[in-house]
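The structure under discussion appears below in the form of structure tokens.
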Amino acid sequence: MERKIYRVVRGMRDLLPKDLVAWRRLEAHAADLARRFGYQEIRPPLLEETELFRRSVGEVTDIVEKEMFTVERGEHSFTLRPEGTAGVVRAYVEAGFAKTAPLQKLWYLGPMFRYERPQKGRERQFTQFGVECIGSLDPRLDAECIALAVRFFEGLGLGAAGGLEVRINSMGDGDDRDRFREAVRAFVAPKLAQYSEDSQRRFERNVLRILDSKDPRDIELNRGAPQLIDFLSDENREHFDKVKGCLGAIDVKVVVDPTVVRGLDYYTRTIFEVHYPALGARSALCGGGRYDHLVEQLGGPSVPAVGFAIGFSGTLLALQELGLLADDEPTGPDVHVVLADGVTELEGLLLADQLRQAGLSAAFDAEGRRMKAQMKNAVRSGARLAVILGPEELERGEVQIKDLLSAEQSAVPRAQLPERARFLLAQVPPTQVAP
RNA sequence: GUGGGUGUAGCUCAGUCGGUUAGAGCACGAGAUUGUGGUUCUCGGGGUCGGGGGUUCGAUUCCCCUCACUCACCCCA
């Protein structure tokens with residue numbers, strides 16, 4: 001009989017209980033921080049009409065051209081979200097917020113999907129925490145948004161290491177961008193043949209990308225290239241200056257980096273990235289910026305917006321690198337029930353149930369092992385207390401209750417077990433005894 | 001999608017210049033200790049040597065393909 005081995009789909013992975021200790025920490029941190037910044041959670045579905053992403057992300061981006069997980073159902077085409085903004089904006093428009101409460105500060109957290117070649121820190125299913133502040137062009141909100149991203153990392157301990165770098169730039173808006181793009185084209189065109197193959201391709205696809213090429217030849221050729229900042233309209237320059245001013249005022253350190261060019265089509269004005277350079281090629285932990293035309297582009301009214309997305313994979317990698325991930329085991333039950341020979345196995349279930357009814361978490365040993373093995377399991381499970389029942393206790397209507405940290409043990413009437421257990425659990429654990 | 005590296009037990013890895021029963025440490029289970037945990041000792045279970053094909057008397061070892069992981073590129077969180 002042939003046995004097929006099923007494996008996790010390429011580019012995806014199982015998060016096992018031990019992995020989730022760290023994940024929960026990030027999730028809780030994100031939710032708490034967003035709340036402190038006045039953001040509310042939103043959960044759009046994972047699946048949207050394919051057209052939505054084509055329109056928002058941009059037809060000629062890699063995401064749309066080759067990285068979408070798409071399912072066709074008759075006339076319809078749906079795609080698993082490759083990023084979060086499009087769905088949130090769609091929901092914003094659909095909910096009619098523009099008329100009832102135009103300024104919406106929303107956050108989301110969940111899986112995204114891109115059909116890419118997997119690599120460390122880049123999976124086909126990945127998790128992003130993102131915020132979208134829709135409905136205002138106020139530069140204080142740009143700054144607030146960037147601050148939120150930075151505080152997210154600082155709160156995890158990444159800022160303290162001094163390894164964080166926040167790069168910002170302004171992409172201008174409409175006309176600025178067109179004039180700048182033409183200027184770059186004019187700058188590159190005469191020596192296009194000297195550029196790398198990749199950049200020659202970019203010339204047609206997305207000229208601006210040539211400016212952040214990593215090829216040494218390109219970097220050399222790019223010297224003296226036009227800077228977007230010089231092409232900004234007065235209004236946009238003023239906006240950018242105000243954003244920088246606000247960031248300074250709340251002590252968020254950033255560097256203005258003219259080479260920052262975000263990949264997606266919808267960005268305007270302020271754009272930024274948070275890098276953790278020690279991670280090498282995959283150093284960008286967060287990317288975001290303004291998208292002042294997207295809402296209108298997706299059929300809504302003309303309202304500006306700003307947001308960002310943070311990737312969890314890279315964040316976890318950075319934390320790991322710095323040894324900031326405690327390798328905590330998942331927390332076990334409060335109490336582990338151990339049965340000695342001579343009592344029926346049902347007692348394990350009864351005692352556990354008694355504790356559970358009282359609101360404590362409890363487990364019993366399921367394999368009918370020797371007591372020594374049961375005690376070992378109790379410790380391994382992470383339980384703080386062991387409750388032991390043997391024939392003698394049974395006869396007296398008692399159980400033994402043992403604090404596995406202090407090794408202190410005492411008898412207690414069965415009726416008082418939950419109360420006693422609760423008391424012991426509330427005790428400060430004795431300082432770890434040196435071995 | 002392009003190029004390089006790797007793939008032996010749950011984990012970390014040895015090994016076979018092609019030769020018959022593939023090893024270690026850790027982990028896991030049992031016993032020493034017939035009612036009590038992180039030490040020690042003894043014993044034990046567990047591997048189609050990633051998968052498929054080829055060369056060969058014989059392949060885990062050599063060749064090809066494939067899958068997965070990994071590093072870099074494209075791109076990006």
Ignoring backbone atoms, test whether [X] places a side-chain nitrogen or oxygen under 4.0 Å from the OP1 or OP2 oxygen of [N].
{"X": "A/R117", "N": "B/U70", "result": "no"}
{"X": "A/R10", "N": "B/A68", "result": "yes"}
{"X": "A/R7", "N": "B/G50", "result": "no"}

Donor-acceptor pair (no angle test) under 3.5 Å: A/Q409 side chain, B/U36 base: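 Indeed, a donor on one side and an acceptor on the other fall under 3.5 Å apart.
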Check: A/E273 side chain, B/A77 base, donor-acceptor under 3.5 Å: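 Between B/A77 and A/E273, which were checked side chain against base, a qualifying N/O pair under 3.5 Å is absent.
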Using a 4.0 Å heavy-atom cut-off across all strands, classify [X] as base, sugar-phosphate, or nothing.
{"X": "A/E197", "result": "nothing"}
{"X": "A/E123", "result": "base"}
{"X": "A/R13", "result": "nothing"}
{"X": "A/G288", "result": "nothing"}
{"X": "A/A386", "result": "nothing"}
{"X": "A/E83", "result": "nothing"}
{"X": "A/I310", "result": "nothing"}

Residues which pass ring pair (Phe, Tyr, Trp, His ring centres under 6.0 Å) with A/F37, listed by chain and number, not counting sequence neighbours: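 Residues passing ring pair (Phe, Tyr, Trp, His ring centres under 6.0 Å) with A/F37: none at all.
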Hydrogens and angles aside, do [X] and [Y] bring a side-chain donor and acceptor to less than 3.5 Å of each other?
{"X": "A/Y291", "Y": "A/E132", "answer": "yes"}
{"X": "A/D292", "Y": "A/Y267", "answer": "no"}
{"X": "A/T70", "Y": "A/T79", "answer": "yes"}

Measuring only the [atom1] atom in each nucleotide, how far is [N] from [M]? A whole number of Å is fine.
{"N": "B/U6", "M": "B/C49", "atom1": "C1'", "answer": "14 Å"}
{"N": "B/U20", "M": "B/A59", "atom1": "P", "answer": "12 Å"}
{"N": "B/U61", "M": "B/A24", "atom1": "P", "answer": "22 Å"}
{"N": "B/G50", "M": "B/G45", "atom1": "P", "answer": "23 Å"}
{"N": "B/G7", "M": "B/C13", "atom1": "P", "answer": "10 Å"}
{"N": "B/G15", "M": "B/U55", "atom1": "P", "answer": "30 Å"}
{"N": "B/G31", "M": "B/A9", "atom1": "C1'", "answer": "23 Å"}

Presence of salt bridge, A/R43 and A/E41, under 4.0 angstrom: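 Yes, this pair counts.
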Distance in Å, A/E144 CD paired with A/S136 OG, rounded so as to fall on 0.5 Å steps: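 With rounding to 0.5 Å, CD (A/E144) is 10.0 Å from OG (A/S136).
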Gap separating the CD atom of A/Q400 from the CD1 atom of A/I388, nearest 0.5 angstrom: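 Answer rounded to 0.5 Å: 6.5 Å.
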Parallel, tilted or perpendicular: rings of A/F308 and A/F272 (30°, 60°):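 Ring orientation, 0 to 90° scale: perpendicular.
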Residue mapping more 5' on RNA chain B - nearest nucleotide basis, A/E408 or A/Q125: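 The 5'-side residue here is A/E408.
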Summary of protein contacts for nucleotides 29-34 of chain B, nucleotide by nucleotide, where a base hit scores B, a sugar-phosphate-only hit scores S (4.0 Å, heavy atoms): SSSBB-
Ring-base stacking, A/F312 with B/A77 (5.5 Å, 30° cut-offs):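 No.
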Out of B/U36, B/C69, B/A77, whichever nucleotide has its closest atom nearest the side chain of A/A284: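 Selected nucleotide (nearest to the side chain): B/A77.
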From B/G35, B/U36, B/C74, nucleotide with atom closest to A/Q119 side chain: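 When the side chain of A/Q119 is considered, B/C74 is the closest of B/G35, B/U36, B/C74.
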